[in-house]
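The analysis underlying the following values was restricted to heavy atoms, covering all of them including side chains, and did not include hydrogens, waters or symmetry mates. Just so you know, ligand 1 is whichever comes first in the structure, and atom 1 is the first atom listed for that ligand. Remember, predicted model here, so these are calculated numbers, not experimental data.
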Amino acid sequence: MNPVVALTVAGSDSGGGAGLQADLHTFAAFGVHGTSAVTAVTVQNTVGVTGVHEIPPPLVADQIRVVVEDMRPGAVKTGMLASAPIIEAIGAAFRRHGIGRGGSVPLVLDPVCASMHGDPLLRADALSALRGLFAAATVVTPNLDETALLVGTRDQRDAARALLALGPAYALVKGGHGDGPRSRDLLTDGTTELWLDAARIDTGNTHGSGDTLAAAITARLAGGDSLPDAVAAAKRYVTRAVATSYSVGSGHGPVGHPPASDPVAPPGPAGPGSEAGAAPAAVGAS
Ligand SMILES: Nc1ncnc2c1ncn2[C@@H]1O[C@H](COP(=O)(O)OP(=O)(O)OP(=O)(O)O)[C@@H](O)[C@H]1O
Ligand SMILES: Cc1ncc(CO)c(N)n1
């Protein structure tokens, strides 16, 4: 039986906690075969990012092409995209291969702008190119620092409204950077609003939490979940990931990647894959 396949288009974190390394750990935890198109190599550890080497845009597009032609991922995720030329090459590749809205493969767009240490992972002149990719996304998953940069607000509802105006089917505005006792994320398609709520775990070891949440959504979408079901499963997973985080190095340690308690089911007779932008349903996470 063919495995479910997911693709991440992301940067490498040499420290192993975030970026495509976190994505591949997460895909594996859900029992999904992970593939990757590398956008940039970062020189990074638990303390910070000291260097970035961008991959030439045609090489990024070629990685996407060979994976899609050979293995047909059930869903795609983007993380660190680094520069406007790389984003434009990715956008063209997605259109060519039917990835994102308008195509048949759901797209989870995590608009990574900086590391948790505040080191830039996207060139300042690439913000408008990144916004331009939003219309292709099934869901965009910014944190509050990213909503401030992208749409000028840290209010979760206002940010979601402004993000949806850029064209994605759903906005998931994460609240991990708040400081209350709960870690609350807002999922909305403009009609239905869903708060995903969990107790905030008292730890500084949250490196890779955002990548892990978006990768878990991608894994579940690849297995055929609706978007709200995928987000609910991913929230449960990232909460366990933060709970199993650990210290390594002298800075912020990574989240853990325990096996998912609800792994992706192998494809049935109809095969994996869901409609990009499926209808919302009432879900909750605790
Ligand atoms: N201390 C915590 N306890 C529980 N959940 C958390 C905690 N920190 C983050 N989360 C959850 O982890 C997910 C990622 O959120 P966050 O806002 O940290 O993303 P991010 O900033 O993009 O992550 P990264 O650190 O990878 O850049 C969200 O679901 C958030 O609610
Ligand atoms: C390569 C990479 N992607 C994403 C993040 C954000 O977690 C990071 N720190 N590094």
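The option with the heavy atom closest to atom 8 (C) of ligand 2, from among D211, L81, T212, L121, is L121. When the heavy-atom distances from atom 8 (N) of ligand 1 to D110, T206, L144 are ranked, the shortest goes to T206.
Ligand 2 has at least one atom lying under 4.0 Å from a heavy atom of H207. In this structure, G79 has no heavy atom closer than 4.0 Å to ligand 2.
Using modelled atom types, no side-chain atom of K174 and backbone atom of L144 make a donor-acceptor pair closer than 3.5 Å.
Counted by atom type alone, S12 and Q21 present one or more donor-acceptor pairs between their side chains at under 3.5 Å. Side-chain N/O atoms of D13 and H207 include a donor and acceptor closer than 3.5 Å. Checked by atom type, the side-chain pair N205/S247 shows a donor-acceptor distance below 3.5 Å.
Ligand 1 has no N or O atom lying under 3.5 Å from any N or O atom of A114, backbone or side chain. When only interatomic distances are considered, the shortest N/O to N/O separation between S115 and ligand 2 does not fall below 3.5 Å. Residue R200 has no N or O atom closer than 3.5 Å to an N or O atom of ligand 1. Considering backbone and side-chain N/O of T203, none are found under 3.5 Å from N/O of ligand 1. For D211, a nitrogen or oxygen atom sits less than 3.5 Å from a nitrogen or oxygen atom of ligand 1, counting backbone and side chain alike. Checked by distance only, ligand 1 and H207 stay at 3.5 Å or farther apart across all their nitrogen or oxygen atoms. Looking at R184 next to ligand 1, no N or O pair under 3.5 Å apart turns up. Residue I201 has at least one N or O atom closer than 3.5 Å to an N or O atom of ligand 1.
Ring-plane geometry between H25 and H257 is classed as parallel, the angle between the planes falling under 30 degrees on a 0 to 90 degree scale with a further cut at 60.
For ligand 1, the atoms closer than 4.0 angstrom to any heavy atom of G208 are 26 (O). Those atoms of ligand 1 that come under 4.0 Å of a heavy atom in K235, given as number and element, are 29 (O), 30 (C), 31 (O). Close contacts between ligand 1 and G210 involve ligand atoms 14 (C), 19 (O), 20 (P), 22 (O), 23 (O), 24 (P), 26 (O) [criterion: under 4.0 Å to a heavy atom].
When the options T212, T218, T35, T8 are evaluated for a side-chain hydrogen bond (donor to acceptor under 3.5 Å, both in side chains) with D23, the one that passes is T8.
Here the side chains of D189 and T192 are in contact, with some heavy-atom distance below 4.5 Å.
Residue A199 touches ligand 1 through its backbone alone, judged by heavy-atom distances below 4.0 Å.
When all heavy atoms of S14 and T42 are compared, the pair lying nearest together is OG-O, 3.4 Å.
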